[in-house]
Number of protein chains: 2
Amino acid sequence: MRIGELAERTGTSRRLLRYYEEQGLLSPARSPNGYREYSEAMVDRVLQIRGLLEAGLPTRIVKRILPCISKPRTIHFSDATPETIAMLERERERLTKRIDCLTRSRDALSGYLDALLAARRAAQEAALTAAGTAPAATVSAEA
Amino acid sequence: MRIGELAERTGTSRRLLRYYEEQGLLSPARSPNGYREYSEAMVDRVLQIRGLLEAGLPTRIVKRILPCISKPRTIHFSDATPETIAMLERERERLTKRIDCLTRSRDALSGYLDALLAARRAAQEAALTAAGTAPAATVSAEA
DNA sequence: CTTGACATTCACATTGATGTGAAGGTTTGA
DNA sequence: TCAAACCTTCACATCAATGTGAATGTCAAG
């Protein structure tokens, strides 16, 4: 497919698809007329790239780990050097740190939300009970 | 404590600490001489801010959810509006998406690493066995 | 009292991810 | 043949997060 379709299917601007290519994250083939030609698998790849970028990784890092987390799990023997292995382990560590941080924040936020909703329910109930004795309740909480 | 100590203890530049304050993420007291005075709790707070920013959240969002995930879990009743609740739920959703994406990537990377290490071990063993018959093995894989 | 290590504000520079638009080539269909 | 809808490259703009440094104030120790 050409760049327009890929852009549409991934919700990514053409500009960015070209940028990712420039950064070495994507290597579409070229039609004889010079148009970029993307394979079907590129859709997932782009989505993965965007996910990682949105999670705060720089393209430099995405480029490094992308080949290692792509679908056809091929082992590149050139990756077997101690330096590469150490690098990959560092990146795994960093990913884990990020995940932990985000998870803690998400759970805290979730807890707050639960408490908030519980409080709102309690307020509504109180209002309902009060309505039995006094009319005209003014709780401004609708779903 | 003053800005220098906080900077040191959080690994954050003074410049950034002032920037976070400007963005409304931090509100240190002021000494009579104008120096910023940070409480002990600010250390954790700064670390949390940095974690979220590094995870790709903009300061705008961090500012919104920070009060909801801070230590003394106080419910702010002004948060009980449907809009605020919806906003918090959206952010929770976004956090979850990020976590899932990062987790998938981390696990894929981890799997790749395992395979890589296994392959390296296999290569080493093969080299050792071969050494029994032919000397001078040339596998360049040391720990 | 002066020096050095802090602090302040303010302004400008940089970097990475992105948008925008100009100038032009290709393909397709009326 | 012409227009619309693609595509190309290239250059410049923007925005947020961050660095750098100037000009200046405060404070503690010699």
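Convention: sequence-line order gives letters A, B, ...; per-chain numbering from 1.
- In this structure, the CD1 atom of A:Ile3 is 15 Å from the C1' atom of D:dA5, given to the nearest Å.
- An OP1 or OP2 oxygen of C:dT27 is reached within less than 4.0 angstrom by a side-chain nitrogen or oxygen of A:Asn33.
- Looking only at distances, no side-chain donor or acceptor of A:Thr84 sits under 3.5 Å from a matching main-chain atom of A:Ala80.
- With values rounded to the nearest 0.5 angstrom, A:Glu93 atom CD is found 11.0 Å from B:Leu109 atom CG.
- B:Arg106 and A:Thr96 share a donor-acceptor pair across their side chains, judged by distance under 3.5 Å alone.
- A:Tyr19 contributes no side-chain N or O that forms a donor-acceptor pair with the base of C:dG16 under 3.5 Å.
- OP1 and OP2 of D:dC6 both lie 4.0 Å or more from every side-chain N or O belonging to A:Arg2.
- Nearer to the 5' terminus of DNA chain D, by closest-nucleotide assignment, is the contact made by B:Leu57 (compared with the other of B:Leu57 and B:Tyr35).
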Next on the checklist: Please determine whether salt bridge (charged side-chain N to carboxylate O under 4.0 Å, His left out) holds for the pair A:Arg30 and A:Glu21, giving the CA-CA distance in whole Å, both sets of side-chain angles, and the decisive distance to 0.1 Å.
Outcome noted: CA-CA 12 Å; A:Arg30 292 294 182 131; A:Glu21 177 180 355; 3.4 Å; yes
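- At C:dT15, none of the side-chain N or O atoms of A:Arg60 fall inside 4.0 Å of OP1 or OP2 (strictly under the cut-off).
- Under 4.0 angstrom from either OP1 or OP2 of C:dT18 there lies at least one side-chain N or O belonging to A:Arg50.
- One finds no side-chain N or O of B:Thr59 lying less than 4.0 angstrom from the OP1 or OP2 phosphate oxygen of D:dA16.
- Checking D:dT8, C:dT8, C:dG19 against every side-chain atom of A:Arg36, the shortest atom distance belongs to D:dT8.
- No hydrogens or angles considered: a donor-acceptor pair under 3.5 Å links the side chains of B:Arg45 and B:Ser70.
- Remark: the B:Arg15 side chain and the D:dT20 base include a donor-acceptor N/O pair separated by less than 3.5 Å.
- A straight line from CD1 of A:Ile49 to P of C:dG16 spans 17 Å, rounded to a whole angstrom.
- Among C:dA17, C:dC6, D:dT8, the nucleotide with an atom closest to any side-chain atom of B:Arg14 is C:dC6.
- Distances from the side chain of A:Leu16 to the nucleotides C:dT18, C:dT9, D:dC6 place C:dT18 closest.
- Between A:Ser31 and D:dC7 there is no side-chain polar atom (N or O) within less than 4.0 angstrom of OP1 or OP2.
- Between A:Ser13 and C:dT18 there is no side-chain N or O to OP1 or OP2 distance below 4.0 Å.
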